[in-house]
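Within every chain, numbering begins at 1; the chains are lettered A, B, ... in the order of the sequence lines, protein sequences first and strands thereafter.
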There are 2 protein chains.
Amino acid sequence: MGRRTGSGRIGIADVALKAGVSHATVSRVMNGNFTVDPAIAQRVRDAAAELNYQPNPVGRSLALGKTDTIGIVVPDLANPTFQAILRGLSMAAAQDGYRVLIADSSEVSSEEAILAGEARRRCDGLVLCAPRMGDAELEELAPSLHPMVLINRSTTESRVPSLEVDYSQGVQELAEHLVDLGHTSIAFLAGPARSASNRARMAGLDKFRAAHPGVELRMLEGGSSFETGHEAVDEVLASGATGVLAFNDLVAMGLLSGLHERGVRVPEDISITGFDDIPFARYTTPPLTTAAVPITELGEHAWHSLRALIRNAEAPEEESTFQPRLEIRGSTGPLAK
Amino acid sequence: MGRRTGSGRIGIADVALKAGVSHATVSRVMNGNFTVDPAIAQRVRDAAAELNYQPNPVGRSLALGKTDTIGIVVPDLANPTFQAILRGLSMAAAQDGYRVLIADSSEVSSEEAILAGEARRRCDGLVLCAPRMGDAELEELAPSLHPMVLINRSTTESRVPSLEVDYSQGVQELAEHLVDLGHTSIAFLAGPARSASNRARMAGLDKFRAAHPGVELRMLEGGSSFETGHEAVDEVLASGATGVLAFNDLVAMGLLSGLHERGVRVPEDISITGFDDIPFARYTTPPLTTAAVPITELGEHAWHSLRALIRNAEAPEEESTFQPRLEIRGSTGPLAK
DNA sequence: ACGTTTCGAGAAAACGCTTTCTCAGGATTC
DNA sequence: GAATCCTGAGAAAGCGTTTTCTCGAAACGT
């Protein structure tokens with residue numbers, strides 16, 4: 001086309017001109033190619049330094065066919081869990097010279113496919129974080145997104161590594177813990193219906209129920225936020241449960257706060273557990289008993305899987321499951337007589 | 001060069017071939033150029049749909065000279081404040097079809113210049129968030145980063161809008177609030193020395209001190225994390241202050257937690273204030289009195305400024321100051337006799 | 001001293017697009 | 001009916017790199 005030649009920024013041509021060599025030679029020097037005369041190389045480096053030349057990454061990406069960037073799509077950037085994954089991913093990727101592009105679907109599952117596709121095209125790989133889309137759509141989308149790694153979701157597409165947290169196991173351990181403390185009436189304050197991790201918790205509780213016929217276990221509708229927990233106080237109290245398994249730490253904290261306002265003592269009157277062990281969990285009053293998920297590490301791991309995929313186009317299939325670790329703190333205890 | 005022609009992905013050439021037209025026509029159709037015969041346009045669209053063609057954004061970026069991406073560099077992605085800014089920015093930018101690339105300097109100020117430069121080259125604009133670098137370096141860097149907007153920092157470079165929170169005013173209001181409650185011995189648990197916002201708070205407290213000669217105000221060394229607050233308990237108690245202005249909500253929460261462990265009652269024995277009004281602040285026990293900063297909105301505003309800069313290469317200089325709003329909750333009160 | 005390798009650097013193609021330039025063919029005008 | 005104006009689409013240039021091709025010159029061996 002030829003809008004205006006000699007755009008504002010200085011390019012490889014300017015350096016070449018100044019050093020009295022060709023584009024090609026400048027490129028070779030900038031990329032540490034040693035088939036260039038040391039004296040000339042130095043002249044090029046001087047010219048580059050003097051002009052403060054920095055190669056244009058877009059041109060580079062086009063020529064090289066890679067962007068040194070990966071994308072992550074999350075359902076909600078306000079959620080501490082996704083923030084932590086993003087952080088782990090970003091730190092780990094930065095270590096290897098990769099940047100990360102974020103996309104937030106705002107829990108709108110119909111946006112996910114579009115965002116994921118766009119991000120993927122701009123990047124060398126993708127991390128799809130707890131997608132809310134249906135299984136069928138995920139199956140269909142997966143091949144076109146490769147290389148990609150899934151978090152808290154899986155697919156039959158064999159090239160897609162899947163990193164999952166064993167919510168089923170975690171919630172069972174929390175429930176067991178309550179039983180050990182003598183609780184026989186337990187309530188589960190559930191998460192969003194679309195959430196796969198909520199379904200996993202449900203499945204875990206089914207197992208628990210089968211193993212403990214004597215324990216009464218009620219399911220309560222809920223959500224994933226503070227507000228959910230805060231608003232659920234009445235329902236929880238009405239249920240008569242003495243132990244409550246909140247969907248996650250946020251919900252547990254909202255509940256804690258609501259109970260405190262009502263003058264209900266924790267854990268004397270009622271025990272509360274969370275899930276995730278977000279940084280704040282240990283600083284609530286009382287500190288929250290929860291199932292610790294190594295979230296940041298999960299983000300790190302996601303990068304390592306993705307890196308493998310990007311490097312060897314054929315990386316080994318992988319299915320990692322992260323086991324939550326029971327973190328017993330002050331929000332659970334035996335019922336005070 | 002000619003590595004292998006016909007890379008895996010399908011490109012504009014494939015569509016052109018299938019539709020029996022030239023590259024140019026496909027491009028025109030894809031970009032909604034109406035100088036194309038409707039019948040041919042339809043043929044192209046059909047071919048594109050059938051091949052599931054999506055233009056390669058890198059090629060597009062190179063030709064168009066824009067990436068539809070902006071960068072943000074933050075000192076620490078673990079900090080809720082920066083997370084909120086990122087979120088506000090990301091949501092607002094997405095609304096206009098822009099993506100965001102993140103860079104975390106991990107509080108290493110020497111990394112900032114490099115990260116900022118790299119991000120800027122890959123993007124159409126940059127948000128530099130509370131940079132830790134020195135004033136001189138910031139001055140020097142600013143022109144090369146344009147278009148850029150600064151958060152919680154300013155520069156003499158006129159083209160750089162600067163969005164600042166009036167920490168000075170906020171901390172004064174918090175201090176006044178404590179005085180109104182009858183406190184005459186106050187401590188400030190300071191933040192990181194390199195932080196410009198900490199210096200702003202210090203300046204505010206100098207004014208406060210001048211206006212209230214009768215009030216005793218002590219400065220305590222601190223930091224910006226939970227741990228800082230938690231570890232400062234002894235020092236705070238030793239100071240004899242009955243009102244504590246914590247650097248931010250995180251520090252305040254750590255302090256709250258530490259005091260609770262010691263059996264010190266808040267606010268009966270000591271009043272605590274935070275700063276920022278992070279989402280968790282209202283759910284502590286007692287809920288935290290703090291100065292609410294509209295952080296997410298700040299991120300949004302950053303996008304709007306940056307957008308203006310990107311659109312008109314010559315946007316009006318701008319200096320926005322955000323006023324914190326006093327949020328009085330349960331962590332402050334009169335001293336119990 | 002001459003043919004053969006080796007070496008180093010420039011020319012040019014390629015990456016995948018957008019857009020200007022150009023030009024054939026049909027519509028319009030006198 | 002010929003000169004002129006549109007219209008629409010292909011050819012080609014350009015975005016800023018990297019890399020292959022190519023080729024002159026220097027180095028080598030006999």
Atom pairs, protein N/O to nucleotides 9-11 of chain D N/O, distance under 3.5 Å:
{"from": "D:dA9", "atom 1": "OP2", "to": "B:Asp37", "atom 2": "N", "distance (Å)": "2.8"}
{"from": "D:dG10", "atom 1": "OP2", "to": "B:Ser22", "atom 2": "N", "distance (Å)": "3.0"}
{"from": "D:dG10", "atom 1": "OP2", "to": "B:Ser22", "atom 2": "OG", "distance (Å)": "2.8"}
{"from": "D:dG10", "atom 1": "OP2", "to": "B:Thr25", "atom 2": "OG1", "distance (Å)": "2.6"}
{"from": "D:dG10", "atom 1": "N7", "to": "B:Arg28", "atom 2": "NH2", "distance (Å)": "2.8"}

So, are B:Glu118 and B:Arg120 salt-bridged, with charged N and O less than 4.0 Å apart? no

Does the side chain of A:Glu318 pick up a donor-acceptor pair with the side chain of A:Ser305 at under 3.5 Å? yes

Beyond-backbone contact of B:Leu128 with B:Val149, side-chain heavy atoms, under 4.5 angstrom: no

Work out how much the helix from C:dA1-D:dT30 to C:dC30-D:dG1 bends between its end axes, five pairs an end, to the nearest 10 degrees. 50°

With a non-hydrogen cut-off below 4.0 angstrom, is B:Asn33 in contact with a base, only sugar-phosphate, or nothing? nothing

Side chain to side chain contact (heavy atoms under 4.5 Å, CB included) involving A:Thr35 - partner list, sequence neighbours excluded: A:Arg28, A:Asn33

Rounded to the nearest Å, what distance is computed from the CZ atom of residue A:Arg121 to the C1' atom of nucleotide C:dC17? 14 Å

By side chain to side chain contact (heavy atoms under 4.5 Å, CB included), which residues pair with B:Asp46, not counting sequence neighbours? B:Gln42

Ring pair (Phe, Tyr, Trp, His ring centres under 6.0 Å) partners of residues 85-128 of chain B, not counting sequence neighbours, each pair once: B:Tyr98-B:Trp303

Side chain to side chain contact (heavy atoms under 4.5 Å, CB included) partners for A:Gln54, two or more places apart: A:Asn52, B:Arg121

Is any side-chain N of the basic residue among B:Asp96 and B:Arg307 closer than 4.0 Å to the acidic one's carboxylate O? yes

Gap between atoms CZ and P, on A:Phe34 and C:dA9 respectively (whole Å): 14 Å

Which atoms of nucleotides 5-7 of chain D (N or O only) lie under 3.5 Å from a protein N or O atom, and what are those distances?
none

A:Asn31 CG - D:dG16 P separation (whole Å): 17 Å

For the pair made of CG in B:Leu62 and C1' in C:dT18, what is the distance, rounded to whole Å? 10 Å

Salt bridge (charged side-chain N to carboxylate O under 4.0 Å, His left out) pairs touching residues 47-60 of chain B, sequence neighbours excluded, are B:Lys18-B:Glu50

Taking only residues at least two apart or on different chains, which pairs with a member in residues 125-145 of chain B satisfy side chain to side chain donor-acceptor pair (under 3.5 Å)? B:Glu107-B:Arg132, B:Asp135-B:Arg153, B:Glu139-B:Thr155, B:Glu139-B:Thr156

What residues 49-60 of chain B contributes to the DNA chain D interface at heavy-atom separation below 4.0 Å is none

With sequence neighbours excluded, tell me which residues meet ring pair (Phe, Tyr, Trp, His ring centres under 6.0 Å) with B:His23. none

Take the protein atom CZ of A:Arg122 and the nucleotide atom C1' of C:dC17, then report the distance between them rounded to whole Å. 13 Å

What's the NZ-P distance between B:Lys66 and D:dG16, to the nearest Å? 16 Å

Scan residues 65-81 of chain A for pairs that pass side chain to side chain donor-acceptor pair (under 3.5 Å), counting only residues two or more places apart or in two chains. A:Lys66-A:Asp68, A:Thr67-A:Asp124, A:Asn79-A:Thr81, A:Thr81-A:Asp276

Provide, to the nearest angstrom, the distance between the CD1 atom belonging to A:Ile12 and the C1' atom belonging to D:dT18. 8 Å

OG-CD1 distance between A:Ser90 and B:Ile102, expressed to the nearest 0.5 angstrom: 4.0 Å

